[in-house]
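Letters A, B, ... mirror the listed sequences (proteins, then strands); counts begin at 1.
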2 protein chains.
Amino acid sequence: METDLFKTRISEEGLKATKQREEILNIFMTSSGHQNLAQIYAQVAKINPKIGYTTVYRTLKLLTHLGLATQRKFADGETRYEPASEGSHHDHLICLDCGKIIEFEDQTLETLQNGIARRHRFKISHHRMEIYGCCEECHRKKRMGRRKS
Amino acid sequence: METDLFKTRISEEGLKATKQREEILNIFMTSSGHQNLAQIYAQVAKINPKIGYTTVYRTLKLLTHLGLATQRKFADGETRYEPASEGSHHDHLICLDCGKIIEFEDQTLETLQNGIARRHRFKISHHRMEIYGCCEECHRKKRMGRRKS
DNA sequence: ATACTTGCAAATTGTTTGCATATGA
DNA sequence: TCATATGCAAACAATTTGCAAGTAT
């Protein structure tokens with residue numbers, strides 16, 4: 001359980017491990033990732049309706065600060081959170097039909113960005129790459145639909 | 001002047017070319033790009049304070065629809081607009097210190113995305129790539145500062 | 001003439017904060 | 001004990017809409 005890491009990190013910061021925070025952490029860590037605050041709150045509320053929206057908001061902010069969560073903003077502008085994967089960087093494929101978000105890793109891409117940055121004498125902090133389009137499943141459905149009609 | 005294209009496109013859609021729209025178009029097209037609505041509005045207001053914020057908002061939305069503007073959202077979540085460059089796709093380097101946004105084009109990147117998509121059986125619509133870091137100018141300033149102290 | 005446009009005010013949405021009360025270390 | 005956390009309500013900011021009056025075609 002990542003609860004241990006959580007307790008370590010949180011006490012390092014002189015903050016408190018409350019039951020609300022642990023509950024939110026558990027739900028968040030076992031969730032599918034890439035969810036916005038409303039979605040995470042909905043899940044939390046299903047299990048413990050006593051927990052307020054604000055607490056979920058502040059907890060996700062805290063988890064991000066502790067390095068246990070990552071904030072993402074895709075083209076739709078919504079703020080989403082995903083459990084932080086230590087080390088490896090990844091990017092995303094985003095289906096415009098069903099909204100599915102697929103993670104991918106590509107070493108060439110990591111190398112490529114270095115060349116681009118060098119050409120512009122730019123010191124890289126990080127990058128993000130998103131590919132928008134249609135996932136296999138939705139594409140299949142579309143073909144089926146076309147066939148039927 | 002892109003006013004001609006504007007008039008063509010707008011009448012194609014059965015809409016009207018008003019002086020507000022033309023004024024906003026001119027300011028927008030000659031602007032530096034990557035500006036948010038408030039910034040564009042500020043420029044418009046300087047020249048014609050009679051034009052309302054809502055009109056600027058709706059006009060930029062319209063220009064986007066007509067294919068004359070492109071909406072962008074970078075990591076800060078702000079909605080920005082840039083004059084649409086027909087044809088060529090480009091991506092961005094974004095300086096985290098001064099906020100400068102540099103455009104770049106990279107053919108390898110375009111090729112690379114095709115491979116990634118193919119591996120995931122994904123039909124690409126478009127992509128976006130942003131590299132965050134420190135631009136040459138800011139980097140130099142930092143070094144100067146360090147030397148002084 | 002009439003459908004489209006404007007600009008104000010007001011609604012909406014997503015995010016963030018103030019504060020009195022409750023609680024973990 | 002006492003600094004930190006909670007949850008409500010309310011502030012905020014950015015975006016979007018309703019509507020009466022104005023305008024391009």
statement: Under a 4.0 Å heavy-atom criterion, the protein footprint on nucleotides 15-25 of chain D, written with B, S and -, is SBBB-----BS
query: Considering only heavy atoms from C-beta outward, does the side chain of A/Tyr81 approach that of A/Thr70 to under 4.5 Å?
result: no
Using distance only, find each side-chain donor-acceptor pair of residues 122-129 of chain A under 3.5 Å and give its atom names and separation, not counting sequence neighbours.
residue, atom, partner, partner atom, Å
A/His127, ND1, A/Gln113, OE1, 2.9
A/His127, ND1, A/Gln113, NE2, 3.3
A/His127, NE2, A/His89, NE2, 3.3
A/His127, NE2, A/Asp91, OD1, 3.4
A/His127, NE2, A/Asp91, OD2, 3.1
A/Arg128, NE, B/Glu130, OE1, 2.6
A/Arg128, NH1, A/Lys73, O, 2.5
A/Arg128, NH2, B/Lys73, O, 3.1
A/Arg128, NH2, B/Glu130, OE1, 2.8

task: May I ask you to say whether A/Glu23 pairs ionically with A/Lys19, meaning some side-chain N is under 4.0 Å from a carboxylate O?
output: no
List the atom pairs, donor and acceptor, that lie under 3.5 Å between side-chain atoms in residues 56-64 of chain A and the rest of the protein, sequence neighbours left out.
residue, atom, partner, partner atom, Å
A/Thr59, OG1, A/Thr55, O, 2.7
A/Thr64, OG1, A/Leu60, O, 2.8

message: For a 4.5 angstrom cut-off between non-hydrogen side-chain atoms, does A/Tyr53 reach A/Leu37?
response: yes
- prompt: Less than 4.5 Å apart, any side-chain heavy atom of B/Glu12 and any of B/Arg9?
  reply: yes
statement: So the contacted stretch of DNA chain C, first to last nucleotide with an atom under 4.0 Å from a non-hydrogen atom of chain A, runs from C/dT15 to C/dA25
Estimated bend of the helix from C/dA1-D/dT25 to C/dA25-D/dT1 (axis per five terminal pairs, rounded to 10 degrees): 30°
query: Can you check the A/Arg21 CZ to D/dG7 P distance for me, whole Å?
result: 11 Å
message: Is it the case that the side chains of B/Gln35 and B/Gln43 hold a donor-acceptor pair, with the cut-off being a distance below 3.5 Å and no angle test?
response: yes
Under 3.5 Å, sequence neighbours excluded: what are the donor-acceptor pairs made by side chains of residues 98-107 of chain A?
residue, atom, partner, partner atom, Å
A/Lys100, NZ, A/Glu137, OE1, 3.0
A/Glu103, OE2, A/His34, NE2, 3.2
A/Glu103, OE2, A/His90, NE2, 3.4
A/Asp106, OD1, A/Thr108, N, 2.9
A/Asp106, OD1, A/Thr108, OG1, 3.4
A/Asp106, OD1, A/Leu109, N, 2.9
A/Asp106, OD2, B/Arg119, NH2, 2.8

